[in-house]
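Right, one structure below, let's go through it.
Keep in mind it's a predicted model, so treat the numbers as computed, not measured.
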Amino acid sequence: MVRFLLIIPTVFILVTTVFVLMRATGDPITAALGGRLTPDQLAERIHAAGYDRPILVQYWDYLSGVFTGDLGTTLSDSRPVTEVLTTYGAATLELSLYAVLVATVLGVPFGMLSGYFRDRVPDAVLRVLAILAYATPVFFAGLLLKLVFSVWLGWFPVAGRVSTAGEIEMRKAGADSGFMVIDALQTGDPAVLLDVLSHAVLPAMALGLLTAGIFLRLVRTNMIGTLGTDYVTAARSRGVRERRLVTGHAWRPALIPVITVAGMQIAMLLVGAVLTETTFEWRGLGFQLAQYLQARDFVAVQGIVVVMAVVVAVTNFLVDMIAVLVDPRVRY
């Protein structure tokens, strides 16, 4: 209960920090439209938006809007920020889920394998790969994957979430959930589903490899520790097979730090999503955030960043609860 209540001051601090940082550069109207309006027009727009009022009054109005779901209207395309979030949020969530899947499928089993073969050839190879995975910048990994698997080999599409033909089929079926996989399934055409999945492979790999490397290192370290505990030694002395020791006794305790760190990695995934979506033209919140940053649309940037911060705070709470379910000995 205490952990849940801590979300409130955390979100409050995050919202306040974002507001202060955005206002430190001046009013959003001048930042976005300063070079395109006359001084009189600019002053009129600033007054109409209320940015000439005392900063504390602006802060109170902004805070009131956030807690009532009003995040303002974008300056560059005059859309409610909430509409931007609902339109593009599903794409970022979908990409993040793909990335977590990649990180889990690659990081956890290879981490267990690396821990079991400690200080031997498989361990050395996997540790080097893990270092490369989390040391490589996301945008560079994305460009490299595009170059190899799209340009040279032609295995996967270069960019986008679905081909034009696939998008037409989904529109004919009336599928508009924002989640391409769900929309593809609604068409009933396996070719459309394959089209969607093929577009997701490279962005998911680019975003998920960093977290996979971290998971591998964590699982390896904890697997080594777990395999050296008394209860595993006792099970080995009773003749329990090595495979059973790893899959039945050692794997669950080794996952606790992974689950805990997964919450912190959500923030990294959201940051990486900006670069990944821009690299692959995956039109989600990250892609839109980059566009609004270029347009200096601080109202849109402020709204998107606040929502991302709230998602990180809530996700960390949920991850803590999952850790307790996996291992009841964990307490917060």
Side-chain angles (χ1 to χ4, degrees), residues 69 71 74 76-106 138-139 141-142 145-146 149-150 153-209 211-212 262 265-266 268-292 300 303-304 307-308 310-312 314-315 318:
L71 298 174
T74 63
S76 55
D77 50 11
S78 301
R79 299 173 63 185
V81 176
T82 51
E83 179 185 321
V84 174
L85 294 170
T86 54
T87 302
Y88 299 101
T92 297
L93 177 59
E94 187 175 27
L95 178 59
S96 298
L97 291 175
Y98 291 149
V100 171
L101 180 63
V102 169
T104 304
V105 169
L106 295 180
V138 173
F139 72 91
L145 289 170
K146 285 177 66 172
F149 295 102
S150 295
L153 298 177
W155 290 357
F156 299 105
V158 175
R161 298 179 65 196
V162 66
S163 66
T164 303
E167 187 175 358
I168 292 173
E169 290 298 319
M170 286 189 286
R171 287 184 178 179
K172 287 181 180 178
D176 191 25
S177 68
F179 293 90
M180 285 296 175
V181 169
I182 296 176
D183 293 345
L185 289 172
Q186 290 181 11
T187 65
D189 188 348
V192 177
L193 179 60
L194 183 61
D195 181 15
V196 169
L197 293 177
S198 65
H199 279 79
V201 170
L202 295 185
M205 289 293 293
L207 187 55
L209 281 176
T211 306
Q265 289 303 308
I266 295 297
M268 293 296 296
L269 286 176
L270 292 175
V271 172
V274 177
L275 300 174
T276 305
E277 290 180 6
T278 304
T279 302
F280 290 94
E281 295 183 25
W282 184 281
R283 295 186 179 275
L285 280 182
F287 182 86
Q288 288 301 119
L289 181 60
Q291 301 302 308
Y292 287 131
I304 294 174
V307 170
M308 286 184 171
V310 172
V311 169
V312 170
V314 174
T315 302
L318 295 176

Examine distances only and state if a side-chain atom of [X] and a backbone atom of [Y] form a donor-acceptor pair shorter than 3.5 Å.
| X | Y | answer |
| --- | --- | --- |
| E281 | A159 | no |
| T104 | L101 | no |
| S150 | P157 | yes |

Side-chain heavy-atom pair V181, L185 within 4.5 angstrom cut-off: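 Yes - at least one pair of side-chain heavy atoms lies under 4.5 Å apart.
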L285 and L85, any side-chain heavy atoms less than 4.5 Å apart: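 Yes. Closest side-chain heavy atoms under 4.5 Å.
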Could you tell me the separation between the [atom1] atom of [X] and the [atom2] atom of [Y], rounded to the nearest 0.5 Å?
| X | Y | atom1 | atom2 | value |
| --- | --- | --- | --- | --- |
| L97 | T92 | CG | OG1 | 11.0 Å |
| Q291 | T74 | CD | OG1 | 13.0 Å |
| Y88 | L289 | OH | CG | 13.0 Å |
| D176 | T87 | CG | OG1 | 9.0 Å |
| R79 | T82 | CZ | OG1 | 10.0 Å |
| D77 | E83 | CG | CD | 8.5 Å |

If you look at every heavy atom in [X] and [Y], which pair is closest and at what distance?
| X | Y | value |
| --- | --- | --- |
| G142 | T279 | C-CG2, 4.1 Å |
| H199 | G160 | CD2-O, 3.5 Å |
| A300 | V81 | CA-CG2, 4.2 Å |
| S177 | D183 | OG-OD1, 2.7 Å |
| L145 | A206 | CD1-N, 3.6 Å |
| A290 | T278 | CB-OG1, 3.7 Å |

Sequence neighbours excluded, every pair satisfying side chain to side chain donor-acceptor pair (under 3.5 Å) that has a member inside residues 158-168: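 As it turns out, the side chain to side chain donor-acceptor pair (under 3.5 Å) pairs with a partner in residues 158-168, which skip direct neighbours, are E94-R161, S163-D195, E167-R171.
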Intermediate values then yes/no, side chain to side chain contact (heavy atoms under 4.5 Å, CB included), V102 and L207: CA-CA 9 Å; V102 169; L207 187 55; over 6 Å; no
Stepwise side chain to side chain contact (heavy atoms under 4.5 Å, CB included) test for Y292 and V84: CA-CA 11 Å; Y292 287 131; V84 174; 3.5 Å; yes
Ring geometry between W282 and Y98 (parallel below 30°, tilted from 30 to 60°, perpendicular above 60°):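 Ring orientation of Y98 relative to W282: perpendicular.
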Worked verdict on V307 versus L71 for side chain to side chain contact (heavy atoms under 4.5 Å, CB included): CA-CA 9 Å; V307 170; L71 298 174; 3.7 Å; yes
